[in-house]
Amino acid sequence: MGWTVRDIPDLRGRTIVVTGANSGLGYVTARELARRGAHVVLACRDRRRGAQALERLLGQVPEARAELRLLDLGDLSSVRAFAAGFADQPLDVLINNAGLMAVPYATTTDGFETQFGVNHLGHFALTGLLLDQLLATPGARVVTVSSLLHLTGPGVLSEERHYRRWRAYGRSKTANLLFTHELARRIEASGADLLAAAVHPGYTETELHAKGPRPAGSGTGRRIARIGNRLFATDPEVGATPTLYAATAPDVSADSFTGPSVMGVRRLRGGPGAGWRAPWTRRDRLAERLWERSEELTGVHYDALPPVRVTSPE
């Protein structure tokens, strides 16, 4: 039957941060980790919605050790404040889950295109600012949620003359995979006891669909989209499984990309397995360039994980 949430080990004594934990994949991830005894931090942008999620979680898992902490990934000052709250505290797993999908053009507080700023730069900064806590915790992990739609955004560092929301989303998801790749390379070179892995949830019906663009055109097009969701989309209970696997399973490998394993017409569903990723997401030089650019934009440097020699071609 493969791996299921029933295989999550006892997590008592472990602290796990889940970004975007107020709904969808993030909420299910946080709830299941809390159900196994982890101290779960729900890192949410909106205080009201975060508090509602925490109340719901405690209602479903009364014995849970969970708390809400505010985090706006579109505001680097918020990211820094969140990380400062973890000074001298152990951190076993950081799950970079929060994100935006195909939203109209806007910029973050710091002036970055919103999807790239939230989906990649915010998580890049957060991981770097929590790096000392992660490195000080044996067996710590960083799990970053990407998407199969990274296939639509290969030119992650190229300049776009016109904003295209789906391409911008794909570029941000490509950035997630390149970040994981470079982080894994630096960890291996340094000999640190830290695992970096990426996941995708397959086709999952979450709030991302509600916040993103609705299908253009007639009501018929929207009805077709709804039918497609019913036929092919999973709910967050299933979509969160790859993340839970990458965060807790003993056989997860560095720089892996885990997603639903079922193939065929329903290939975006099923338990966790190796996901296909575009070859450009494993290019050392591209990953290094993105890393350097991310350091420049965020002002966050991973001093404990210095750069390593590039081996793969551009």
Side-chain angles (χ1 to χ4, degrees), residues 19 43 45 71-84 86-87 94 96 98-100 103 105-135 142 144-147 150 153-165 167-190 192 194 196 198 255 278 280-314:
T19 68
R45 181 178 62 85
L71 169 66
D72 183 353
L73 290 161
D75 183 346
L76 291 177
S77 66
S78 174
V79 176
R80 291 182 181 278
F82 180 92
F86 268 87
L94 170 61
N96 293 322
L100 299 172
V103 295
Y105 180 80
T107 58
T108 67
T109 300
D110 303 283
F112 311 129
E113 185 276 311
T114 304
Q115 294 189 85
F116 188 73
V118 171
N119 297 357
H120 169 61
L121 290 176
H123 282 127
F124 176 90
L126 178 65
T127 305
L129 292 168
L130 292 174
L131 185 61
D132 287 345
Q133 288 83 349
L134 289 162
L135 292 174
V142 176
T144 301
V145 179
S146 182
S147 167
H150 75 274
V156 65
L157 288 173
S158 61
E159 294 294 331
E160 291 283 307
R161 294 185 60 187
H162 303 288
Y163 179 75
R164 289 176 287 178
R165 60 182 71 184
R167 184 171 175 83
Y169 177 71
R171 284 154 59 96
S172 73
K173 296 290 103 177
T174 284
N176 291 154
L177 286 170
L178 287 168
F179 164 65
T180 298
H181 178 66
E182 181 66 10
L183 180 58
R185 290 181 67 239
R186 292 181 178 224
I187 290 169
E188 181 181 17
S190 70
L194 178 63
D255 199 25
W280 60 76
T281 66
R282 292 189 187 274
R283 291 178 180 166
D284 295 350
R285 179 55 185 151
L286 180 58
E288 182 184 62
R289 288 175 58 208
L290 174 65
W291 188 284
E292 292 169 349
R293 183 60 175 152
S294 300
E295 287 185 330
E296 292 173 4
L297 293 173
T298 65
V300 175
H301 299 269
Y302 289 57
D303 295 332
L305 298 176
V308 296
R309 185 173 63 90
V310 169
T311 58
S312 70
E314 180 66 28

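Looking at W280 and V156, their side chains never come closer than 4.5 Å, going by heavy atoms from C-beta outward. Between R186 and P307 the shortest side-chain heavy-atom distance falls below 4.5 Å. Taking 4.5 Å as the limit, some side-chain heavy atom of Y302 sits within range of a side-chain heavy atom of T127. Using a 4.5 Å heavy-atom threshold, the side chains of R80 and V300 count as touching. With a 4.5 Å cut-off on side-chain heavy atoms, Y169 and N119 count as touching. Between Q133 and L94, every side-chain heavy-atom pair lies at or beyond the 4.5 Å cut-off. A heavy-atom distance below 4.5 Å is found between the side chains of H181 and D284.
For the atom pair Y105 OH and E113 CD, the distance stands at 7.0 Å (nearest 0.5 Å). Here the CG atom belonging to L129 is positioned 11.0 Å from the CZ atom belonging to F82, to the nearest 0.5 angstrom. With rounding to the nearest 0.5 Å, the separation of CG in L290 from CG in L157 is 5.5 Å. Atom OG1 of residue T281 and atom NZ of residue K173 lie 13.5 Å apart, to the nearest 0.5 angstrom. Note that CG of L130 and CG of L135 are 11.0 Å apart. Values are rounded to the nearest 0.5 Å. Expressed to the nearest 0.5 Å, how far CG of N96 lies from OG1 of T180 amounts to 8.0 Å.
Using a distance-only test at 3.5 Å, with no hydrogens or angles considered, a donor-acceptor pair links the side chain of R171 to the main chain of S158. Under the 3.5 Å distance criterion, the side-chain polar atoms of S146 are left unmatched by any main-chain donor or acceptor of N176. Checking side-chain atoms of T114 against main-chain N and O of T107 turns up a donor-acceptor pair under 3.5 Å.
For the residue pair T174 and G153, the shortest heavy atom distance occurs at OG1-O, 2.9 Å. For the residue pair L131 and A304, the shortest heavy atom distance occurs at CD2-CB, 4.2 Å. G117 and T108 make their closest contact through CA-CG2, 4.0 Å (heavy atoms, listed as atom of the first residue, atom of the second, distance). The two residues W291 and E182 come nearest to each other via the heavy atoms CE3-CG, 3.3 Å. In this structure, L76 and L297 approach most closely via the heavy-atom pair CD1-O, 4.2 Å. The two residues V79 and L71 have their closest heavy-atom pair at CA-CD1, 3.7 Å.
Residues F116 and F124 keep their aromatic ring centres 6.0 Å or farther apart.
Side chain to side chain, D72 and S78 fail the donor-acceptor criterion of an N or O pair below 3.5 Å. For the residue pair H123 and T19, a side-chain donor N or O sits within less than 3.5 Å of a side-chain acceptor on the partner.
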(request) Starting from the C-alpha separation in whole Å, work towards a yes-or-no answer on side chain to side chain donor-acceptor pair (under 3.5 Å) for S294 and H120. (result) CA-CA 9 Å; S294 300; H120 169 61; 2.8 Å; yes

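Around atom CD of E188, no more than 12 heavy atoms belonging to other residues, nucleotides or ligands sit under 6.0 Å away.
Salt-bridge formation is not detected for the pair D75/R45: no Lys NZ or Arg NE/NH1/NH2 atom is positioned less than 4.0 Å from an Asp or Glu carboxylate oxygen. For E292 and R289, the salt-bridge test fails: no basic side-chain N is under 4.0 Å from an acidic carboxylate O.
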